[in-house]
Each structure stands twice: as structure tokens, then as C-alpha cells.
Amino acid sequence: MPYVGARVKRIEDPKFITGSARYVDDIAYPGTLYMAILRSTVPHARLLRVDYEDALKIPGVVGVITGLNIEVENRPRNFPMAKDEILYVGHPIAAVIAEDRYKAYDALDYIQVDYEPLPAVVDPEEAVKDKVKAVEDTSNIGYRWTYKAGNPEEELAKSDVVIETKLEIGRVYPAAMEPRGLLSVYQEGRLTVYASTQAPHYMRKFLLDAFRNYVSDIRVIQADTGGAFGSKMFPYPEDYIVTYASIIYRRPVKWVATRREDLLSTYHSRAQIHRIKAGFTRSGEWRALIDELIIDLGVATHGYYLADITSTLITGPYKLRNVLVEVYGVKTNKTPLDQYRGAGRPEAAFVYERIMDMAADELRMDPIEIRRRNLVTELPYTNPFNHKYDSGNYLHLLSIAEGYYRDFEKRAEELRRQGRRVGVGLSFYIEQNNFGPWESASVRVKSDGKVLVIIGAAPHGQGDATAIAQIVADELGIDISRVEVSWGDTELIGEGFGTFGSRTLTLAGNAALLAARKLKDKLRRVGAALMGVNYEDVVYENGVVKDVKSGKSLSIEDMANALTASIGGTWTYPVEPSLEEMTYFGLNGYTYPYGSHVALVEVTEEGLVKVLDYVAIDDVGLVVNPMLAEGQVIGGVIQGFGEVVLEEVKYDNDGNPLTQTFSEYWIPSIMESFNVKWYYLEEGKSNAPLPAKGIAEGPLIGVLPALTRAIERAVNRRITKIPIDPSLLIK
Ligand code: MCN
């Protein structure tokens with residue numbers, strides 16, 4: 001002790017490394033039916049007729065569902081299935097429910113779909129023109145907003161140097177190792193839903209909204225979830241269909257996506273184009289930005305808010321005040337767009353850091369110097385769009401990053417002399433987290449004296465349970481082996497939001513801390529009553545309450561025992577006989593961590609990108625478990641390498657997806673992975689009782705511009721789009 005700040009090993013891991021974890025597909029109920037989905041193979045068409053008579057004749061097929069008539073929020077045309085218009089390849093058209101999975105998939109071949117093809121909208125820049133419609137009878141411009149601050153036009157006209165460019169961040173698929181899946185179990189008017197999710201309470205709320213007339217309640221249990229990366233926050237069409245099937249057939253129904261289905265139907269992300277004009281003074285002061293932002297929303301508009309996040313953070317950690325961002329959220333006949341790790345902030349960082357590097361080149365300035373000249377120096381600072389950057393010392397962090405940058409440059413020089421194509425890149429970024437207003441935690445002493453913490457958040461790989469056990473063990477002054485952490489069941493804890501937006505440690509961690517604090521007080525009250533002494537004279541220390549006057553004491557176990565041992569006899573309760581407390585904790589506003597990444601990269605003659613060295617430096621206030629935080633940074637940087645070099649969801653000109661398996665959609669493997677060194681400062685504390693901020697998304701924000709710049713320098717060609725066109729990499 002203290003545990004907070006220490007590299008405590010993950011308490012979550014034993015079940016995973018012994019193979020006893022239970023994902024949705026491992027959960028078995030007798031009599032379970034399986035669902036298979038018939039998906040559209042054309043991007044846009046009028047749906048004329050679905051004939052499933054032959055499918056129903058197949059032994060083992062229980063039923064077929066089409067055109068499900070339930071209104072759900074924010075899905076294509078607000079229905080889980082195509083009704084009269086097919087809108088993208090992968091759009092659910094029919095669902096077969098059968099006694100086993102193979103029969104269900106086989107029966108799909110016996111369904112006949114008649115449709116009349118319609119032209120598809122594929123190119124987002126064409127979509128803006130609104131000539132061909134992605135969704136019949138509606139405008140392609142699903143979202144339109146203007147963000148303006150200061151006098152961008154005037155300041156641009158006055159600028160000594162104007163950078164004019166088009167920057168693109170490709171469309172990606174959040175490739176969780178476990179595809180999406182759901183098991184819905186109908187029992188006497190109630191449902192229990194096992195889901196691969198990062199937000200079980202959201203799942204309950206949305207499903208209940210849709211099925212309120214069919215069931216009295218829905219309990220959602222988060223199965224062990226093999227990654228989500230933002231993509232498993234809200235229910236998808238299949239979740240509604242499988243739930244509906246279990247209600248009408250009154251049986252458990254399971255659906256787990258195949259990888260191809262997952263790639264086609266899990267909502268994609270990023271997909272932004274920025275047409276930029278950025279004005280600088282000769283001395284490198286960034287004076288103005290005009291940005292036309294086109295976000296390719298696919299066929300449903302709910303992803304538009306990602307452009308809002310990007311726009312309002314487009315000035316990054318810099319002092320720029322004159323900004324105009326014109327946002328066009330356009331519909332195309334593609335899979336809908338939604339959040340993916342970083343959600344709008346990586347896109348912003350790619351833009352402002354590309355601008356910084358391009359301006360440095362144009363002005364022949366050192367990339368560190370131009371950043372130093374523009375970085376915010378006085379914190380707290382309110383940016384032009386009302387983000388209140390809360391705390392930290394940006395210049396100090398930059399000076400540390402500079403040390404690595406200079407060292408990498410020296411090494412790069414040396415390698416260049418040997419004829420190798422080597423480059424160095426540096427990024428500086430600002431992060432925004434704690435989306436979702438609050439999180440809940442309860443802390444209770446069980447009858448054996450063990451302490452159970454339940455959180456409303458829903459971790460799925462991050463290791464938050466370990467960090468929360470550290471926090472509670474420290475607060476109660478007990479050994480960490482006596483603390484258990486549970487989550488992911490809407491009946492375990494009243495309400496909660498989930499794990500996303502790098503919020504869990506800060507919000508659920510603080511809720512757990514405050515609940516443990518309340519519990520200490522309750523232990524004093526109960527202890528005083530049990531010992532027959534005055535509450536005021538009782539102190540709590542390291543799992544024991546003690547009466548300072550008499551020297552009498554009781555341990556947590558003694559009290560748990562005393563409260564739960566006696567069934568008969570008379571008993572009076574001078575205090576509430578519970579050893580349990582609950583807290584909901586919310587921060588007033590967001591927190592803004594920040595950091596810098598430095599990359600040393602070689603590009604071979606054949607165009608292979610090799611990262612020779614990589615350093616990430618973050619300031620997230622108090623770091624509870626540096627090993628867990630470092631794990632997030634390493635994973636995030638490698639994931640970002642995928643985005644810069646390998647990963648892009650591609651469509652042909654007619655709207656047919658060209659990336660339908662992992663042999664076309666490349667995620668980084670161990671072969672592309674590299675060592676990442678992580679350092680942290682603790683200067684930018686949040687104002688929560690436990691002064692932490694989130695770490696989980698920062699690495700994916702810092703990596704995109706740092707790697708891009710390093711590669712740009714190595715190949716000596718201007719890079720304006722990620723993933724980088726391989727033809728730019730070959731010598
Ligand atoms: N931590 C810490 N000290 C801090 C901040 C965090 O020790 N000051 C630790 C935490 O205890 C936790 C980890 O770092 O173990 C990340 O915590 P936090 O930053 O609070 O982020 P969340 O737990 O809320 O994770 C969400 C985040 C998001 S938004 C995406 S997307 C993402 C990510 O987590 N998806 C992931 N990392 C992922 N990791 C895995 N394995 N799988 C995913 O789907």
C-alpha cells in the first residue's frame with residue numbers, strides 16, 4: 001500500500017487466460033433458436049417483394065421475419081429492417097429463425113427478393129450536390145451546421161502565408177476481435193438479454209422503449225465482451241430483431257455475426273474530408289482557419305455529432321481564435337457511421353497537426369518552434385467554441401517531447417547518411433473526455449467481510465476493475481485481495497451509462513471512492529452501535545473501527561458477522577443495519593487531458609513502414625495504475641498505425657463494398673507491431689476528489705499526425721490522406 005499509483009496486475013485476467021470466460025456465443029440455454037439475417041447485396045433499390053415460402057418448408061425453420069414494424073431511433077429510416085427501400089449492402093431484409101445456426105443460414109438461400117435497382121450515392125463530395133438521392137425523397141444533406149468565431153475571413157486575407165489543402169481521414173471499421181452478438185431469453189413476460197456490449201443500461205433503455213408493449217421489463221447482462229472500441233454502445237438493427245424473435249416465439253434466440261456480417265454491418269467511423277485554408281503570420285502565428293468539413297454519414301444520420309466534436313476542437317491546443325467550420329453531414333449508400341475510439345478528436349488532431357507541419361515547412365520553421373509559438377500557455381483556457389481546457393502545462397510537456405524529437409532527428413540523420421528512408425514526426429494534442437454526465441458505484445461488505453464494489457460502467461478489456469479495486473482498497477485501508485469488483489448487469493446496480501469516452505476510471509472510480517468514504521462513516525455508526533459506545537468517539541482505520549475512549553474495537557469481518565449471524569431473538573436497531581453505500585458521481589463539465597507523440601520511422605524501398613522508435617507522453621492527472629494506462633497507450637498506438645497505413649473500408653463506384661473480410665481489410669498484426677515507450681506527467685489534475693482524467697483514447701489521437709509526419713519526412717512526399725496511398729510509399 002498505497003495501491004493507487006502502483007502497477008498492480010489485472011484481477012480480471014485469470015478467467016481469460018484459463019479459457020473460462022463466457023462470451024455471448026458460449027452462453028447456452030435449452031431450446032435456443034438461432035437467427036440468420038438475409039442482407040442486401042445491392043447498395044440501393046426499391047424493395048418489391050420478399051418471398052420466403054420455400055424457406056419455411058425447410059425442416060428446423062421456425063419462422064421468417066421481414067419488414068419489422070418497430071420504430072427505433074436513429075437507424076436507417078428508423079426501422080431495423082428494410083421495408084420498401086434497400087439502402088446499403090448489408091441492410092437487413094429478412095431474418096430466419098431456426099432450431100440451429102446452420103439451418104438458419106442455409107434457409108437464407110431459399111428466400112427470393114425482388115427489387116428494382118436505384119442509383120447509389122457513393123462519393124460524399126458528389127452527395128453534397130444532392131443530384132442523385134441516397135434515400136428516396138430526402139435530401140442527401142442530413143446535417144448542416146456552421147461554427148464561427150472571431151473574424152476568420154478578414155484575418156485570412158491579412159495573413160502572410162495561407163496553407164490551402166484538402167485533408168482526408170478514411171472510413172474505418174472498429175475491428176473488435178469478438179463480432180457483435182445477442183442472446184435474448186423470454187421468460188414469462190420478461191426478457192433477459194445477454195449482450196456483447198459496452199453499455200448495458202443503454203441497451204435496456206433502448207430495447208424497452210421499443211418493446212414496452214410486449215414485455216414488462218428487460219434485464220441486460222453484459223457477457224464477457226471481446227472488445228468494442230466504441231462500436232457496441234447503442235443497439236443495432238439485429239439486436240431489435242433478435243429480441244423481437246424471442247418475444248414472438250417465446251424461446252431464447254441467439255444471433256452472433258460472422259466476420260463478414262460484422263464488417264458490413266457494424267457501424268463504420270471517421271470518413272471526414274476537410275477543405276482547409278489556414279492563415280499564418282511570417283513569424284509562425286496561426287491567425288485564421290476556414291474549413292469545409294464533409295462527413296460521410298452513410299445511410300443514417302446519427303454519426304453527425306462526430307463532426308461537431310471535430311469542429312469544436314479544431315483549434316486543438318493552440319491559441320487560434322478566428323475560425324469558420326462549415327459542416328456538411330451527407331448521406332451515402334454505405335453502412336451508417338458512428339463512434340470509434342477517439343470519436344471526432346483524432347480527426348481534429350489530424351487536421352490541426354497537419355496544418356502545423358505544413359506551415360512549418362512553408363515558413364521553414366522548426367516544427368517544435370511553431371508549436372511552441374502557438375500553444376496555449378495560460379490554463380484554464382476557454383477555446384473559441386467554449387471548451388474549457390481545465391489544467392496542465394502544455395509548454396512543459398512539449399519541452400520533454402522536444403528532447404526525444406531532437407534525439408530521433410539525430411538518429412534519423414545518421415540513417416539517412418546510410419541511404420535509408422527515415423523520418424521523424426511529432427504531434428501535440430488535446431483530448432476531451434468524460435462524455436455521459438455521471439456514473440454510479442456501490443460498495444458493500446458481504447457476510448464474510450469481503451468488499452464488493454459494483455459499478456454502472458461496463459469495462460470490456462480496459463482493466464478498470466483492477467484500478468477501482470486499488471482505489472477502494474486504499475480508501476478502506478485493506479488488502480486488495482479482499483476487494484471484488486462487479487459490473488455489467490442492469491439488475492446489479494440501479495442506473496449507469498457504460499464504458500466509453502475514456503470516462504470509466506474518472507467517473508466510476510470517483511463514484512467508488514466516494515461510496516467507500518460513505519461506507520467508512522457507516523462502519524463507524526454500526527460499530528458504535530454494536531459496541532454500545534458513542535459514534536463521535538469511534539475512528540476507522542485499516543478495516544477496523546475503534547472506540548478511542550475504551551480501546552474496544554471491531555473489524556469489518558466482526559461487524560459483517562454480527563449483522564448477519566443472528567436470526568432469532570430480539571434485536572433493536574439503533575442504526576440502519578447495513579454495510580452498504582452507493583454514490584452517483586458526475587463532474588461539472590469535461591476534462592481535457594493532453595499529450596505528445598514522437599515517432600521515428602523507416603519506409604523501405606518496397607513501401608513497408610517500420611516504426612524504429614516511438615515515444616508517447618501524456619498528462620492525465622493522477623495515474624491510478626501505470627501498467628493499465630500504458631497498456632491502453634500501446635494498444636492505441638498500434639491501432640492508430642492501422643489507420644495511418646493499413647485500414648480503410650472501400651467501396652467501388654457503384655457502392656459495392658470491396659473490403660468484406662480480413663484479407664481485404666487489414667488490421668495490424670504482431671508483424672507490424674512495434675515497441676512503444678510511455679511517459680506521463682501528473683500536472684494536469686482534474687478537480688475530482690481522485691484527480692484523474694482518462695487515458696484510453698489519447699493514444700489514438702496522438703498517433704495519427706505523428707506517424708503521418710514521420711512517414712511524410714521519410715518518403716519526402718506531401719501526405720494529405722490516411723490511410724496513406726501505398727503508391728506514395730514505394731521508392
Ligand atoms: N487509468 C489509470 N489512470 C488514469 C486513467 C485511466 O490507471 N488516470 C486506467 C484505468 O484504470 C483503465 C484504463 O486506464 O484500466 C483506461 O481507463 P479510462 O481512460 O477511464 O478509459 P475507459 O476505461 O473508460 O475505456 C474506454 C476506452 C474507449 S472510449 C475505447 S473506444 C477503447 C478503450 O477504452 N476500447 C477498448 N480501450 C479499449 N481496450 C480494450 N481492450 N478494448 C476496447 O474495446
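Predicted, not measured: the structure shown is a model, and the values here were computed from it. When a ligand or atom number is given, it counts from 1 through the structure's own listing order. Any value given below was found using the heavy atoms of this structure, including those in side chains, with hydrogens, waters and symmetry copies removed.
Tyr592 and Asp390 are not linked by any side-chain donor-acceptor pair at a separation below 3.5 angstrom, with hydrogens and angles left out of the test. A donor and an acceptor atom, one from each side chain of Thr310 and Gln272, are located under 3.5 Å apart. Judged by distance alone, the side chains of Glu12 and Thr466 do bring a donor and an acceptor atom under 3.5 Å apart.
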Using a cut-off of under 3.5 Å, which N/O atoms of ligand 1 pair up with protein N/O atoms, and what distance separates each pair?
residue: ligand 1; atom: 3 (N); partner: Val624; partner atom: N; Å: 3.1
residue: ligand 1; atom: 7 (O); partner: Val624; partner atom: N; Å: 3.4
residue: ligand 1; atom: 7 (O); partner: Asn625; partner atom: N; Å: 2.8
residue: ligand 1; atom: 7 (O); partner: Asn625; partner atom: O; Å: 3.4
residue: ligand 1; atom: 8 (N); partner: Leu622; partner atom: O; Å: 2.8
residue: ligand 1; atom: 8 (N); partner: Lys693; partner atom: O; Å: 3.0
residue: ligand 1; atom: 15 (O); partner: Gln462; partner atom: O; Å: 2.7
residue: ligand 1; atom: 19 (O); partner: Ile695; partner atom: N; Å: 2.8
residue: ligand 1; atom: 19 (O); partner: Ala696; partner atom: N; Å: 3.1
residue: ligand 1; atom: 20 (O); partner: Thr504; partner atom: N; Å: 3.4
residue: ligand 1; atom: 20 (O); partner: Leu505; partner atom: N; Å: 2.9
residue: ligand 1; atom: 23 (O); partner: Asp464; partner atom: OD1; Å: 3.0
residue: ligand 1; atom: 23 (O); partner: Asp464; partner atom: OD2; Å: 2.6
residue: ligand 1; atom: 23 (O); partner: Thr504; partner atom: OG1; Å: 3.4
residue: ligand 1; atom: 24 (O); partner: Arg503; partner atom: N; Å: 3.1
residue: ligand 1; atom: 24 (O); partner: Thr504; partner atom: N; Å: 2.9
residue: ligand 1; atom: 24 (O); partner: Thr504; partner atom: OG1; Å: 2.7
residue: ligand 1; atom: 25 (O); partner: Gln462; partner atom: NE2; Å: 3.4
residue: ligand 1; atom: 34 (O); partner: Gln462; partner atom: NE2; Å: 3.0
residue: ligand 1; atom: 37 (N); partner: Gln632; partner atom: OE1; Å: 2.6
residue: ligand 1; atom: 39 (N); partner: Gln632; partner atom: NE2; Å: 3.4
residue: ligand 1; atom: 41 (N); partner: Gly461; partner atom: O; Å: 3.4
residue: ligand 1; atom: 44 (O); partner: Ala228; partner atom: N; Å: 2.7
residue: ligand 1; atom: 44 (O); partner: Phe229; partner atom: N; Å: 2.9
residue: ligand 1; atom: 44 (O); partner: His460; partner atom: NE2; Å: 3.3

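Remark: aromatic rings of Phe500 and Phe435 are distant, center separation not under 6.0 Å. Side-chain rings of Phe674 and Phe641 approach one another, their centers coming within less than 6.0 Å.
Annotation for Asp13: atom CG counts as buried by contact number, over 12 foreign heavy atoms lying within 6.0 Å.
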